[in-house]
Amino acid sequence: MPNLKTIVEAARETMKNDAVILTAVEYRNRRAARFQVYFWDEHQAVMDIISRNDLLENWPDAGVYLLDTAAADPDDVLRPVRRFEGEEEIFLRTSDEDAEADELGPLPTVLFMEAVEAICALKDEIKL
């Protein structure tokens, strides 16, 4: 199992090579609809929440990777996400299975990550 240092080093290197990392996904009707993504912007990592169309239309040449903190091998902490052409649409998968469905592993939901961020931002108002 990877440790935090391994994860951060792999993420930095991947993003600095112009790739995007998926850290959360929201499904609608068994299709990935929204993503929490991280990418490198000049001198730092930046988080954004984007739609499926945004990801597909702006797919980086360096690729898209899924953060897998439960990977047995520390070298597999960032798994490549592949695009598969279905009969009528594009599917996103981390496996080579030829199914017409999105499969992005055990990522938390975008709502979960938004809730964590909102909870972290809670504070009492200070009256001066």
Side-chain angles (χ1 to χ4, degrees):
M1 181 168 247
N3 61 35
L4 184 59
K5 182 179 178 184
T6 302
I7 293 168
V8 171
E9 287 173 358
R12 174 186 287 272
E13 182 179 329
T14 300
M15 290 185 297
K16 285 193 133 196
N17 287 328
D18 295 326
V20 169
I21 300 173
L22 302 182
T23 56
V25 63
E26 182 177 294
Y27 289 94
R28 290 192 191 122
N29 299 322
R30 298 179 49 172
R31 289 185 56 216
R34 277 191 335 149
F35 305 92
Q36 181 183 61
V37 299
Y38 281 83
F39 57 93
W40 200 259
D41 183 33
E42 294 188 31
H43 304 289
Q44 66 182 354
V46 176
M47 185 274 291
D48 198 3
I49 295 174
I50 63 172
S51 71
R52 176 187 193 88
N53 287 341
D54 286 341
L55 181 62
L56 292 174
E57 290 172 10
N58 299 297
W59 194 271
D61 292 337
V64 174
Y65 293 82
L66 176 135
L67 177 62
D68 183 2
T69 60
D73 183 345
D75 291 335
D76 294 335
V77 69
L78 294 174
R79 292 192 287 152
V81 175
R82 295 173 182 86
R83 297 166 51 133
F84 290 94
E85 300 285 333
E87 288 185 26
E88 296 181 18
E89 59 188 290
I90 297 171
F91 297 100
L92 304 174
R93 305 187 58 75
T94 57
S95 68
D96 290 331
E97 184 181 322
D98 191 22
E100 291 203 356
D102 290 336
E103 178 279 309
L104 296 171
L107 286 178
T109 65
V110 173
L111 177 60
F112 177 85
M113 297 304 287
E114 289 173 322
V116 168
E117 187 176 337
I119 290 167
C120 289
L122 291 173
K123 59 183 170 185
D124 287 333
E125 286 187 34
I126 299 174
K127 296 180 183 178
L128 299 175

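Numbers here are sequence positions counted from 1.
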K.L.:
Give me each pair satisfying side chain to side chain donor-acceptor pair (under 3.5 Å) with a member in residues 30-41, each pair once, sequence neighbours excluded.
P.N.:
Thr23-Gln36, Glu26-Arg34, Arg31-Glu89, Arg34-Glu114
K.L.:
Just checking Arg12: does its CZ atom have more than 12 heavy atoms from other residues, nucleotides or ligands closer to it than 6.0 angstrom?
P.N.:
no
K.L.:
For Glu97, check side chain to side chain contact (heavy atoms under 4.5 Å, CB included) against everything at least two apart and list the hits.
P.N.:
Arg93, Ser95, Ala99
K.L.:
Just jot down the side chain to side chain donor-acceptor pair (under 3.5 Å) partners of Thr109, sequence neighbours excluded, or say none.
P.N.:
none
K.L.:
For Arg82, give me all partners under salt bridge (Lys or Arg N to Asp or Glu O under 4.0 Å), at least two apart in sequence or on another chain.
P.N.:
Asp96
K.L.:
Around atom CG of Leu122, are there more than 12 heavy atoms of other residues, nucleotides or ligands at under 6.0 Å?
P.N.:
yes
K.L.:
Which residue pairs pass the side chain to side chain donor-acceptor pair (under 3.5 Å) test with at least one member in residues 61-72, sequence neighbours excluded?
P.N.:
Asp68-Arg79
K.L.:
Within a strict 4.5 Å, meaning less than it, do heavy atoms of the Val64 and Val37 side chains meet?
P.N.:
no
K.L.:
With sequence neighbours left out, which residue pairs that include part of residues 44-56 fulfil the salt bridge (Lys or Arg N to Asp or Glu O under 4.0 Å) condition?
P.N.:
Arg52-Asp102
K.L.:
Set out, in order, the CA-CA distance, both residues' side-chain angles and the distance that settles side chain to side chain contact (heavy atoms under 4.5 Å, CB included) for Met47 and Glu117, then state yes or no.
P.N.:
CA-CA 11 Å; Met47 185 274 291; Glu117 187 176 337; 3.3 Å; yes
K.L.:
Could you tell me whether the side chain of Leu104 reaches within less than 4.5 Å of the side chain of Phe35, counting heavy atoms only?
P.N.:
yes
K.L.:
Name all residues meeting the side chain to side chain contact (heavy atoms under 4.5 Å, CB included) criterion together with Asp18; count only those two or more places apart in sequence or in a different chain, and write none if there are none.
P.N.:
Ala62
K.L.:
Can you confirm whether the side chains of Asn17 and Thr14 place a donor and an acceptor under 3.5 Å from each other?
P.N.:
no
K.L.:
For Asp75, check side chain to side chain donor-acceptor pair (under 3.5 Å) against everything at least two apart and list the hits.
P.N.:
none
K.L.:
Taking transitive links into account, so neighbours of neighbours count too, which hydrophobic residues share a cluster with Leu111 at under 4.5 Å side-chain distance?
P.N.:
none
K.L.:
Would you please name every residue forming a side chain to side chain contact (heavy atoms under 4.5 Å, CB included) with Asn29, sequence neighbours left out?
P.N.:
none
K.L.:
Rounded to the nearest 0.5 Å, what's the gap from CG on Asn53 to CG on Leu56? Could you check?
P.N.:
6.5 Å
K.L.:
Are Leu55 and Ile90 co-members of a hydrophobic cluster defined by side-chain heavy atoms under 4.5 Å apart?
P.N.:
yes
K.L.:
Once rounded to the nearest 0.5 Å, what's the spacing between atom CG of Leu78 and atom CD1 of Ile21?
P.N.:
5.0 Å
K.L.:
Scan residues 119-128 for pairs that pass salt bridge (Lys or Arg N to Asp or Glu O under 4.0 Å), counting only residues two or more places apart or in two chains.
P.N.:
none
K.L.:
In chain order, what residues pass the side chain to side chain contact (heavy atoms under 4.5 Å, CB included) check against Asp76, with sequence neighbours excluded?
P.N.:
Ala71, Asp73
